[in-house]
Structures are given as structure tokens and as C-alpha cells.
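Please read these numbers as outputs of a predicted model, since none were measured by experiment.
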Amino acid sequence: MRHTLSTAKKMSPDTSTKQTNPGVSTLKGQNTNIPTGKPSSQKNTAKPATRLKKVSASQDNNATAQERQGKPLHVASQKTTPKISTVSPEQNNSRILQVLISLEKEVRQVESIKALQYLAVNETRKLVQARQIYMFEATLPGSDKFQVKAVSSITTPDRNLPVIQWFERMTKAMSEDVGSGQPNIFKIPTYCQDDQEIKTYPFGHMLWIPLKAHDGKVFSGMMLAREREWTEAESNIATQLAEIYAHAWSALLGRNRLSKPRKITSKLMLGTALAVFLAGFIPVSMNTLAPVEVVAQKPSIVAAPIDGVIEQIFVRPNSPVKKGQPLYQFVNTKLRNDYEVSKRAVTVAQAKYRKAIQGSFSSSEAKHDIATAKAELELKKAESLFAKENFQKSVVWSPEDGLAIFHSKEQWLGIPVKTGEKIMTVISGNRAEVRIDLPVSDAIVLKEKARVKVFLDSDPMNPIEAIMTHASYHATPTLDQQLAYRVHASFSKQNQTPPRIGLRGTAQIFGEKTTLFFYLFRRPIAAARQMFGI
């Protein structure tokens with residue numbers, strides 16, 4: 001049995017007036033059988049007014065092939081066939097009104113301008129079919145220059161992106177041409193003929209909606225973009241939303257701050273500029289900051305008196321010592337042996353000298369040996385004295401009362417040292433000063449007894465007053481290989497307990513009087529002179 005599928009051209013009188021949707025197909029014939037997958041002798045009669053979903057071209061081809069082969073056509077059951085729904089204009093307007101009321105409720109609940117901007121660019125698309133929305137803010141109310149503050153589907157827009165800069169230029173050109181106070185529907189490349197972004201941006205139809213303050217000045221705006229043309233109805237809906245956003249913006253920022261303060265902007269700016277100009281002549285003390293360290297004043301350097309290897313250190317690091325107290329000792333085995341040998345040599349030389357004197361009484365020739373024996377004796381005595389002094393130098397004594405400053409015992413034990421190499425420092429507990437490394441870039445003119453204020457890292461809230469004693473004329477490299485002038489200052493109050501040696505901090509050095517303008521712009525002026533040679 002052959003079955004054919006065709007478009008129903010004849011409708012029953014009771015259903016012909018209801019067939020309004022084009023493209024709907026029906027089955028023609030009253031004896032059309034719809035198989036269920038099993039053979040059956042019963043026939044299903046289709047009603048002429050039965051409506052089915054439009055069959056696609058592929059399904060038509062399959063149906064034709066089945067007809068040629070004499071196979072039954074399987075038609076989807078009514079249970080799985082989607083229904084075509086139609087929305088009346090009244091229902092559409094009701095939906096728009098409901099979304100508008102819901103959106104206005106959300107706008108009333110925002111707590112910041114940024115949240116309002118984010119909501120505006122993302123929730124506006126519920127009412128107007130925009131593919132992308134940009135929220136702008138004017139640099140000044142009524143100004144032609146706008147900056148992008150929010151973009152739909154983006155949390156934080158980057159104003160350095162080319163597309164955002166392109167929108168800002170296009171908005172400025174539009175504002176200069178026709179103004180920004182009224183909604184504007186246009187199509188690119190209007191206002192952006194020379195921009196390269198036209199070639200890659202997919203949405204060519206634009207809708208500008210301004211946001212106005214209560215005095216009518218435009219302080220913000222939205223640019224809506226999509227691929228098809230905007231209608232007047234969509235522009236009206238977007239304008240209504242813009243009024244809601246502007247009212248919420250004014251409530252969050254303060255109604256009068258959007259316009260009234262701008263009326264006195266020129267006077268305020270002029271007054272501020274005049275005040276800054278006059279303040280530039282206020283006399284202030286030239287000062288600079290530099291790193292500082294508390295060091296010993298006239299310390300006693302304990303250096304190695306001889307070449308040798310340190311065998312033992314008798315004091316602990318940074319411990320108090322007395323004058324004449326042994327500090328450390330060299331390995332003295334060879335020194336002790338040299339001293340003992342030198343003493344024996346002196347004894348032998350003395351015996352030879354006495355023998356020469358005794359022989360001179362019996363022989364005239366023996367008188368000539370007296371001078372030689374005496375010279376040899378003096379030589380041995382000098383060698384013995386030198387050996388004795390070296391042996392005594394194997395133990396180093398403290399030159400004064402104070403603190404023995406060195407890093408650790410392990411730093412020196414078993415280490416060979418040369419004569420004059422610094423081992424430790426003995427400093428008096430009540431003699432301390434500050435050492436300042438003044439960078440070359442921050443150097444100022446300093447006079448003797450200049451005021452210095454020391455802020456130690458251990459107690460930054462209580463500065464210590466000091467007076468500069470001397471400063472170097474030549475810059476020397478510091479530990480971090482930076483050129484700096486070495487400045488020393490002593491504490492002003494002699495009866496106060498000086499801080500512990502080794503503490504670090506920041507020193508403020510005061511120089512001569514100068515103007516506030518030169519004080520603030522000294523370094524920029526110096527940098528400009530170095531860069532441009534002026």
C-alpha cells in the first residue's frame with residue numbers, strides 16, 4: 001500500500017479560519033494508515049483538519065523514498081510534537097512591564113555606583129535585544145569626553161584595550177557632531193571612518209542613550225550595539241531605563257554633587273592654583289633622608305700583631321673587657337722555641353766573649369778577637385729580644401675598658417692571618433655616634449653642626465637628636481655598591497644613654513633654608529636637566 005504526504009489545500013469550514021500559521025502541513029486522504037510497528041488489519045482514518053508540524057526537506061525525501069519502495073511512513077505521535085505558541089501584543093507588553101518593574105526593584109537595592117553600572121550593562125539586555133552594552137561616564141557633566149566604566153559580560157574593563165578606546169573616540173566624535181543629550185541611532189562607520197576596529201567589530205548598529213542629572217546635564221550614557229537596526233520602540237524602552245539608572249545614580253552619589261559643585265569648578269581651580277603658587281614661596285628647611293647606623297666613636301682596633309694562626313679566643317663576642325685582659329692567642333710553638341734557642345745563643349756568645357777577654361792577657365793576638373766576640377754577643381742579644389717580643393705578641397691584650405666587638409669565635413679559630421689584619425674592635429660603652437650614608441642623588445648642601453634627626457627601626461616613634469660632626473668630600477661605594485657620602489654625627493645630649501651600637505634606621509638631615517617650590521621640585525628639575533640638558 002502506498003502512502004502520500006502532501007500539503008492540505010482544502011480545510012473544513014470549522015477549522016479554516018483558525019489556520020493562521022504558514023508552513024503547517026496536513027495529511028491528505030481519509031484512508032491513510034499509520035502503522036505502529038506491528039501488522040494490523042485495522043485502518044485509521046485521518047480527519048481532514050488534522051494539523052501536523054512542518055516536515056523538513058530531509059523528511060520529505062525519506063517519505064518519497066519510502067513511498068517508492070512501498071514501505072509505510074512513520075509519523076511522530078501527537079505527544080512528542082511541539083506546539084507552536086503565539087504571543088499577543090498585550091501579553092508581550094505585560095511581560096515587558098513585569099521585567100521593567102523587577103529591574104527597577106533591583107536598581108533600588110544597589111549599594112554603589114560600580115554595582116549600578118554593572119547591573120545596567122547586563123540587565124538592560126532583558127528588555128532590549130542588545131548584543132553588547134557600554135556604560136560611559138563624562139569627565140565633567142555636559143562634557144564631550146566620556147570614559148568607559150562598564151561593559152556587559154565583563155567584570156572590570158581595561159581602558160587600554162583598542163576596542164574600548166575606539167568606543168571612547170566614537171562617542172566623543174558623536175557628541176561633538178550632534179551632541180550627547182538625546183538618543184541617537186546610527187550605523188558604523190558613522191563617527192569612526194578612520195578606525196581599524198570597524199573591520200573586526202561584528203555589531204554595526206548603535207544606539208546611544210544619555211543619562212542626565214536633574215538639571216539636564218549629561219553625566220553618563222549607554223552605547224548599545226547589535227547586528228540589526230534599532231527601532232523607535234526599543235529606543236523608548238532604553239530611554240526609560242536610563243531615567244531609572246540616572247535617578248539611582250543621583251541618589252547614591254548625592255543629587256547636588258552631579259551639577260552644583262561644577263558651577264564653581266573654575267573659581268575653585270583658580271583659587272587652588274593661586275594658593276599653590278603662593279605656597280611655593282613659603283620658606284622651609286632643605287632636608288633629605290638617608291640610611292643610618294649607630295657606630296662606635298673613636299674605637300680601638302685590635303689587629304693581628306704578627307703573622308700566624310689564631311689558636312684560642314678568651315672572650316665572647318660583644319662582651320665587656322678590662323684593660324690588659326687577654327683577648328686571643330696565636331699558635332706559639334715556633335715562637336717559644338725560637339725564643340729558647342735565642343737565649344742559648346746569647347749564653348754561647350757570652351762565653352766566647354769572656355774567653356776572648358781572658359786570652360788577651362796572655363797573647364797579643366787574642367786582643368783582636370775581643371771586638372768580634374763582643375759584636376757577636378750583641379747580635380745574639382738582639383735576636384733573643386726580637387724572639388721574646390714575638391713570643392709575647394702571641395697573646396693579644398685589651399687596650400682599654402669597653403666591649404669586644406667581633407662576629408663569632410668560629411670566624412677566626414684556626415684561620416691564618418696577616419700582620420695588621422683586623423680581628424676585633426674594643427669600644428667604650430659611652431662613646432657612640434651615628435654614621436650616615438648619604439646617596440649622591442639625595443645630596444644637599446650641608447654645613448658644620450647641621451641638625452640631624454635619627455629614627456631607629458627599633459623605636460621609630462621616638463627620634464633622637466644629633467649634630468653633624470663631619471662629612472666626606474668624595475663619594476665612596478657602600479656595601480650594596482652605591483655611591484654615597486659618609487656623614488658622621490654625635491648625639492646632642494651628652495648625659496643620655498646612647499643606643500646600642502649596631503642599630504640601624506633612617507636619618508633626616510637638615511640643610512639651609514629654601515622655598516617650598518624648590519624643595520618639592522628639586523629632584524624633578526635635576527632629572528629634567530640630566531635628560532634634556534637644560
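- The closest donor-acceptor contact from the side chain of Ser394 to the backbone of Phe391 lies under 3.5 Å.
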Exercise. Would you sort out whether Met424 and Tyr328 count as a side-chain contact (heavy atoms from CB on, under 4.5 Å), showing the intermediate values?
Key: CA-CA 10 Å; Met424 62 180 65; Tyr328 58 92; 4.0 Å; yes
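- The aromatic rings of Tyr201 and Phe167 lie perpendicular to each other, with more than 60° between the two planes, well past the 30° mark.
- Under the 30°/60° scheme for interplanar angles, the aromatic rings of Phe136 and Phe146 are found to stand perpendicular.
- A distance-only check finds a donor-acceptor pair linking the side chain of Ser152 to the backbone of Ile133 [under 3.5 Å].
- Pairing each heavy atom of Pro189 with each of Ile198, the nearest pair is CB-CD1, 3.6 Å.
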Exercise. Apply the test side-chain contact (heavy atoms from CB on, under 4.5 Å) to residues Phe510 and Val452: give CA-CA distance (whole Å), side-chain angles for both, the deciding distance (0.1 Å), then the verdict.
Key: CA-CA 6 Å; Phe510 295 89; Val452 179; over 6 Å; no
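- Residues Asn390 and Leu335 approach most closely at O-CD1, 3.4 Å, considering heavy atoms.
- Ion pairing between Glu421 and Lys418 fails under the 4.0 Å rule for side-chain N and carboxylate O.
- Nearest heavy atom pair, residue Gln329 against residue Val395, reads CG-CG2, 3.7 Å.
- In terms of heavy-atom proximity, Ser180 sits nearest to Val218 at O-CG2, 3.6 Å.
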Exercise. Walk me through it: do Asn122 and Ser153 pass the test side-chain contact (heavy atoms from CB on, under 4.5 Å)?
Key: CA-CA 7 Å; Asn122 290 282; Ser153 303; 4.3 Å; yes
Identify all side-chain donor-acceptor contacts of residues 437-447 below 3.5 Å with residues at least two apart in sequence or on another chain.
{"from": "Asp437", "atom 1": "OD1", "to": "Arg486", "atom 2": "NE", "distance (Å)": "2.7"}
{"from": "Asp442", "atom 1": "OD1", "to": "Arg523", "atom 2": "NH1", "distance (Å)": "3.1"}
{"from": "Lys447", "atom 1": "NZ", "to": "Glu512", "atom 2": "OE2", "distance (Å)": "3.4"}

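- Aromatic rings from Trp208 and Tyr191 are positioned such that their centres are separated by 6.0 Å or more.
- A distance-only check finds no donor-acceptor pair linking the side chain of Asp195 to the backbone of Glu197 [under 3.5 Å].
- Between Phe517 and Phe521, the ring-plane angle classifies as tilted under the 30° and 60° cut-offs.
- Partners of Asn462 according to the side-chain hydrogen bond (donor to acceptor under 3.5 Å, both in side chains) rule, which considers only residues two or more places apart in sequence or in another chain, are Asp459.
- Of the N and O atoms on the side chains of Tyr245 and Ser220, not one donor lies less than 3.5 Å from an acceptor on the other residue.
- Formation of a donor-acceptor pair under 3.5 Å by the Gln147 side chain with backbone atoms of Thr139 is not found in this model.
- Atom OG of Ser492 is separated from atom CD1 of Ile467 by 4.0 Å, given to the nearest 0.5 angstrom.
- In this structure, Ile310 and Ile313 approach most closely via the heavy-atom pair CG2-CG1, 4.1 Å.
- For the pair Pro399 and Val302, the tightest heavy-atom approach, listed with the atom from each and the gap, is CD-CG2, 4.1 Å.
- A donor-acceptor pair is defined here as one N or O able to donate and one able to accept, closer than 3.5 Å; no such pair exists between the side chain of Thr425 and the backbone of Ile405.
- When atom types are taken as modelled, the side chain of Asn318 and the backbone of Leu403 share no donor-acceptor pair closer than 3.5 angstrom.
- A distance of 7.0 Å separates OG1 in Thr419 from CD1 in Ile306, rounded to the nearest 0.5 Å.
- Inspection of the Lys513 and Ser285 side chains reveals an N or O donor paired with an N or O acceptor under 3.5 Å.
- Between the side chain of Ser342 and the backbone N or O of Asp338 there is at least one donor-acceptor pair closer than 3.5 Å.
- The distance from atom CG of Leu377 to atom NZ of Lys381, rounded to the nearest 0.5 Å, is 4.5 Å.
- In this structure, Asp144 contributes its side chain and Lys172 its backbone to no donor-acceptor pair below 3.5 Å.
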